[in-house]
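A quick write-up on the structure given underneath.
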There are 2 protein chains.
Amino acid sequence: MIQQNIKIAVDAIVFGYSNNTLNVLLIKQKYGVLENQWALVGGFVKDNEGLQDAVVRELKEEAGIDVDYLEQLYTFGDDVKRDPRFHVVSVAYFALVNNSVFTLIADTDAADARWFPVNNLPDLAFDHKAIIDLSIKRLQSKLSYQPIGFDLLSASFLFSELENLYCTILEKEIDRRNFRKKVLNFGFVEETNKFAPQKSGRPAKLFKFNHKKYRKLVEDGFVFEIKFA
Amino acid sequence: MIQQNIKIAVDAIVFGYSNNTLNVLLIKQKYGVLENQWALVGGFVKDNEGLQDAVVRELKEEAGIDVDYLEQLYTFGDDVKRDPRFHVVSVAYFALVNNSVFTLIADTDAADARWFPVNNLPDLAFDHKAIIDLSIKRLQSKLSYQPIGFDLLSASFLFSELENLYCTILEKEIDRRNFRKKVLNFGFVEETNKFAPQKSGRPAKLFKFNHKKYRKLVEDGFVFEIKFA
DNA sequence: TATATTTGCGTATCCAATACGCATACTAAT
DNA sequence: ATTAGTATGCGTATTGGATACGCAAATATA
């Protein structure tokens, strides 16, 4: 049997969107080496535990949440000193939660969990800042060719919310009217008969993302894509 | 210190292109558990060795090559029994070699190395078949938004070769004339004053991919993209 | 009643992708 | 020689989707 002194960890970069701001979930552990240090949700993989299972477990233990979207991002292990204690390879996962989860984050036994706006992050443990930077790039590019923006909103949402989400995350100006036309043309974003609680201006209909219709379209060869000049 | 009985390995999926065929590099190890079994190039990461360093080392040891393109593909570790002996997480890397490397592969001390056409693979060790399938999908999609096709050809190449490469890998028909127009329009594929050894038909100029020009264009905001109906 | 504000729909324009015609330059066969 | 065959290289017409706008509708507020 091979002798090897490398540990495997997983980390989760969880994004939430609220009030026109993109946020990342960070935790401050109550005990251990990372006490008093903000860090990504994560920890060591257990023997006979799958990687994704490990992430799901850590998300539950440390932040008390289930996420809406989860995919592997990248495995960090080129710098053997990224953890100063010993050689750790970390498999980072990219996760999204919708607005209702966003509002419900609470501290757990293990850690203090909080949302931080991506452009106002505290000092972070290890190379977690670099990992978050990579995730943001991934989120930006994914937004263009996969309908993951909907995972950051509530089940029903306003067009202006969807539009602002794209604007703020991609840091681009987009034409409201052309955006609407294009998205409605896809056919999987449907208007409901409900209206949003009134603010100012003309009352706005609530819309829904029809997952079933989207899957069907993809099966028939549809390729999602949203671009801006 | 944490106790953990998981091993970390790396695997490389190396693609080569020749005679209108996409090939994968496989090895049959001369000793050990994988004797007489075709498998991807790979092995366990050493203590205090970076992941990418490990891949580069294995490629040299087992196949005697340096690759032209290398990037992390995916980390396989959801199935804790993917290696029946013990729990192994494998970080898979995606690699490309150009035509001159392709012709030079030789057996090494460690293993017998051979190219196999992707549509005619032998039985493979572990989950290596699934890993290759994923790589092919990655190659197909990368071809559309990164100029990696050039890494599979010689330094100078015919337009028909580039064209066939796209056709065979993407399994699509494309209009020769429009393809040529589009690629030349990019500005980083330049004609040389050399001609290819004559076959039949009108003599064809050799072309080159100008890396420097490409990088400059990208800096100025150029986004590579090649699509087919 | 006027003003501000946001929503929702429609049309004109333009550019890049597509479809396709055809001359060119060679080899090979008769 | 002449003809057929083959692959290269260049050009133009068409079109469909992205872009740029104009503007009416429906509410709150002053």
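Here is the naming used below: chain letters follow the sequence lines, and residue numbers restart at 1 for every chain.
The residue among A/Arg176 and A/Ser200 whose nearest nucleotide of DNA chain D lies closer to the 5′ end is A/Arg176. Comparing A/Glu225 and B/Arg177 by the nucleotide of DNA chain D that holds the closest heavy atom to each, the one mapping nearer the 5' end is B/Arg177.
Residue B/Arg202 places no side-chain atom within donor-acceptor reach of the base of D/dG5, judged by atom type and a 3.5 Å distance cut-off alone. With hydrogens and angles left out, the side chain of B/Lys181 and the base of D/dT12 share a donor-acceptor pair within 3.5 Å.
One interatomic measurement links the two molecules: CZ of B/Phe195 to P of D/dA7, which rounds to 18 Å at whole-angstrom precision.
Regarding contacts with the backbone of C/dA17, a side-chain N or O of B/Lys182 is found under 4.0 angstrom from either OP1 or OP2. Phosphate contact (OP1/OP2 of D/dT8, side-chain N/O of B/Ser160, threshold under 4.0 Å): present.
Side-chain atoms of B/Glu62 do not come within 3.5 Å of backbone N or O of B/Leu59 as any donor-acceptor pair. One N or O on the side chain of A/Thr108 and one on the backbone of A/Glu61 form a donor-acceptor pair closer than 3.5 Å.
B/Arg180 comes within 4.0 angstrom of the backbone, heavy atoms only, and of no base.
Here the closest heavy-atom approach between residue A/Gln146 and residue A/Tyr69 is recorded as NE2-OH, 3.6 Å.
Side-chain atoms of B/Phe207 lie closest to D/dG9 of the nucleotides D/dC21, C/dA25, D/dG9.
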Report task. Determine, stepwise, if the pair A/Phe186 / A/Leu217 fulfils side chain to side chain contact (heavy atoms under 4.5 Å, CB included). Result -> CA-CA 9 Å; A/Phe186 286 148; A/Leu217 279 167; 5.6 Å; no

